[in-house]
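To find a chain, count down the sequence lines: A is the first, B the second, and so on, and within it residues start at 1.
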Protein chains: 2
Amino acid sequence: MDIQLKRGLLDVCVLAAIKNEDSYGYKIIKDLKPYIELSESTLYTILKRLENARMLTVRSAEHDGRLRKYYHITNNGIKRIEEFKEEWKEVISIYQFVIKEDSRE
Amino acid sequence: MDIQLKRGLLDVCVLAAIKNEDSYGYKIIKDLKPYIELSESTLYTILKRLENARMLTVRSAEHDGRLRKYYHITNNGIKRIEEFKEEWKEVISIYQFVIKEDSRE
DNA sequence: GCGTAATACATCGTAACGCGAAGTATATTA
DNA sequence: TAATATACTTCGCGTTACGATGTATTACGC
């Protein structure tokens, strides 16, 4: 999938992936895999960004001797998803413009 | 509208805007305005990029004493729109994932 | 028991891209 | 004659996705 197209989707996908249940990096990548692929370096950058934007909080926990950082969505994060849904209306209208122009004979 | 969300759409919008009739910079911006806004610096960058990628060709013409550069879509450009329509299926599936997670109670 | 894969997180440098700012130049209009 | 519209160009900046690389532990196949 085109990188540019992913840019507007990744943040919200990560937020959606932790919305119902706190999760950690490795699991988020696996959960998103059927929908959108992202590398570890990409994800950890995103998580850091979302944390700085106070859209999620972090809590460290040990699991089988390995460190895990669990991410929890905040109200800001939930708001971000809401905004995304609003923006989606614009996206649809843009898509329809493209289709309209494309299918004109 | 979120910049990141625009990134995957702008190229294709510009191609769609010239697909049925050759057009020029200033007009493209106006035609796209109801759907997506972009600055001149953004558009001319995109046009140069699409030209380098052989998705369009350019022809200069004088109009009322002012220079106009008319852009014409190529087969590569048309292919790009087709690819976009294919990728859109993935985008929809991603969107549905977000909605599904968001609406789970 | 030993190599490989899986789990888990972190950092660095790079390239692509949108955009504001600033510039050049002509035509129209108030 | 000043302001606005038309029309294209270039520069630098900030944001972002990603490959490469690194660290460290656990699980599994042979």
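The distance between atom NZ of K27(B) and atom P of dA5(D), rounded to the nearest whole Å, is 19 Å. The CG-C1' distance, from N52(B) to dA16(C), rounds to 13 Å in whole Å. In this entry the distance linking CG of L32(B) with C1' of dC19(C) reads 16 Å, nearest Å. As rounded to whole Å, 4 Å separates atom P of dC18(D) from atom NZ of K6(A). Computed from coordinates, the E62(A) CD to dA8(C) P distance equals 12 Å when rounded to whole Å. When the C1' atom of dG20(C) is taken as reference, atom CD1 of I29(B) falls 14 Å away, rounded to whole Å.
Heavy atoms of E40(A) sit under 4.0 angstrom from at least one base atom. At the heavy-atom level, K30(B) lies under 4.0 Å from the strands shown only through sugar-phosphate atoms. Residue R66(B) is classed as a base contact, given a heavy-atom separation below 4.0 Å to a base. Contact annotation for K48(A): no contact, since no heavy-atom pair falls under 4.0 Å across all strands.
Considering only side-chain N and O atoms, Y24(A) lies under 4.0 angstrom from the phosphate OP1 or OP2 of dA8(C). For T42(A), a side-chain nitrogen or oxygen approaches OP1 or OP2 of dC18(D) to under 4.0 Å. Using a 4.0 Å cut-off, some side-chain N or O of Y44(A) falls inside it from OP1 or OP2 of dC9(C).
With sequence neighbours excluded, no residue forms a salt bridge (charged side-chain N to carboxylate O under 4.0 Å, His left out) with K100(B).
At a threshold of 4.0 Å, the pair D102(B)-K85(A) counts as salt-bridged, since one of the basic side-chain nitrogens sits closer than that to a carboxylate oxygen. A salt bridge links R104(A) with E101(A): at least one charged nitrogen is closer than 4.0 Å to a carboxylate oxygen.
With a 6.0 Å radius and a threshold of 12 heavy atoms from other residues, nucleotides or ligands, E83(B) has its CD atom above the threshold.
We find the OH-NZ distance between Y70(A) and K27(A) to be 9.0 Å, quoted to the nearest 0.5 Å.
Map D11(A) and G25(B) each onto its nearest nucleotide of DNA chain D; the residue landing nearer the 5' end is G25(B). With the nearest nucleotide of DNA chain D identified for both H63(A) and S39(A), S39(A) has the one nearer the 5' end.
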